[in-house]
Amino acid sequence: MKSIIKNYKDSKKSIGFVPTMGYLHEGHISLIRCAKKENDIVIVSVFVNPIQFGKNEDLDRYPRNIKKDIQLCEKEKVDILFNPLYKEMYPKGFKTYIVVEDLTSTLCGRYRPNHFKGVTTVVAKLFNIVKPDRAYFGKKDYQQLVVIKQMVQDLNMDTQVIGCPIIREKDGVAMSSRNKYLSKEERTSASALNKALLLAKNLFIKGQTDPQVLKKEIQSLIMRYPKIKEIQYIEIVNPKTLKPVKTVKKGDIIALAVFVGETRLIDNIEL
Ligand code: AMP
């Protein structure tokens with residue numbers, strides 16, 4: 001991979017990179033299309049990164065379909081699909097990790113303690129291999145995007161990190177590989193997340209700036225759906241610091257994580 005990259009670099013080709021865990025859907029495709037527009041070469045990685053999963057999380061059952069991923073990448077004219085093995089990424093004796101402080105202790109980080117350490121470590125490794133001029137991440141994983149931007153800035157990495165819009169199904173559900181886990185009824189209940197975020201956004205537009213009021217409205221709408229097991233968090237945060245706000249302002253982010261049945265879904269909206 002590194003020697004292929006060296007050839008591209010020697011011939012002054014710009015490299016756009018889309019890191020994924022595979023089981024590609026329209027959300028991933030939108031990142032690929034963005035990358036195609038802005039770069040000479042587009043590289044997609046598919047790697048289900050074990051070190052970003054907690055002990056009781058879904059690593060073993062995470063959906064995989066590399067054949068379909070290859071087909072989709074071919075259709076989108078991706079130049080290279082990089083699909084390394086676990087033992088290549090983490091050979092015996094692996095000892096180095098990257099931790100972005102502070103930004104990783106809120107929102108999802110509170111409930112998934114080592115998740116972002118795993119994400120930043122694998123993304124740093126992938127950046128060192130692919131040496132992208134631009135890397136594309138979805139705003140669906142808003143905290144991840146902010147954390148990676150911070151890592152790139154702090155470690156003087158030569159990659160521009162670009163955030164792309166959330167791609168949704170017709171009923172507003174944010175596309176996610178994990179939606180595959182949902183039964184028909186759970187899938188219906190999953191639509192509550194975006195509906196609640198839109199409701200809160202409308203209340204904000206009409207003048208409601210108290211985060212507690214907005215959070216209550218979101219909570220009561222979501223809990224009306226039968227397959228909602230638990231709301232893990234609803235937070236309204238500053239888009240850069242990810243700290244909860246006392247008064248809601250334009251540009252703030254409402255982020256939430258909800259268990260629909262056994263499946264943990266996240267979503268967010270920019271105000
Ligand atoms: P994943 O394979 O879930 O790790 O996601 C790989 C990349 O695709 C990440 O940057 C995600 O934020 C992005 N992504 C996943 N779902 C969506 C979506 N519905 N809309 C936009 N980007 C997405």
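Ligands are counted one by one from 1 in listed order, and the atoms in each one are counted from 1 as well.
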Taking only residues two or more places apart in sequence or in another chain, which ones pass salt bridge (Lys or Arg N to Asp or Glu O under 4.0 Å) with Arg224?
none
Would you mind listing every salt bridge (Lys or Arg N to Asp or Glu O under 4.0 Å) that reaches into residues 232-252, with sequence neighbours excluded?
Asp102-Lys243, Lys215-Glu235
Testing Asp267, Asn194, Ile269 for side-chain contact (heavy atoms from CB on, under 4.5 Å) with Ile166, which one passes?
Asp267
If you apply the rule side-chain hydrogen bond (donor to acceptor under 3.5 Å, both in side chains), what do you find for Asp79 with Tyr8, and how did you get there?
CA-CA 11 Å; Asp79 296 280; Tyr8 287 141; 5.1 Å; no
Who are the side chain to side chain contact (heavy atoms under 4.5 Å, CB included) partners of Asn49, not counting sequence neighbours?
Phe47, Ile51, Gln52, Tyr90, Val122
Name the residues in contact with ligand 1, where contact means a heavy atom under 4.0 Å away: which are they?
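Ligand 1 pocket, heavy atoms under 4.0 Å: Pro19, Thr20, Met21, His25, Gly27, His28, Leu31, Tyr62, Phe137, Gly138, Lys140, Asp141, Gln144, Pro165, Ile166, Ile167, Met175.
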Transitive ILVMFWY side-chain link Tyr97 to Leu155, under 4.5 Å
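Yes, because Tyr97 and Leu155 connect within a single hydrophobic cluster, where side-chain heavy atoms sit under 4.5 Å apart.
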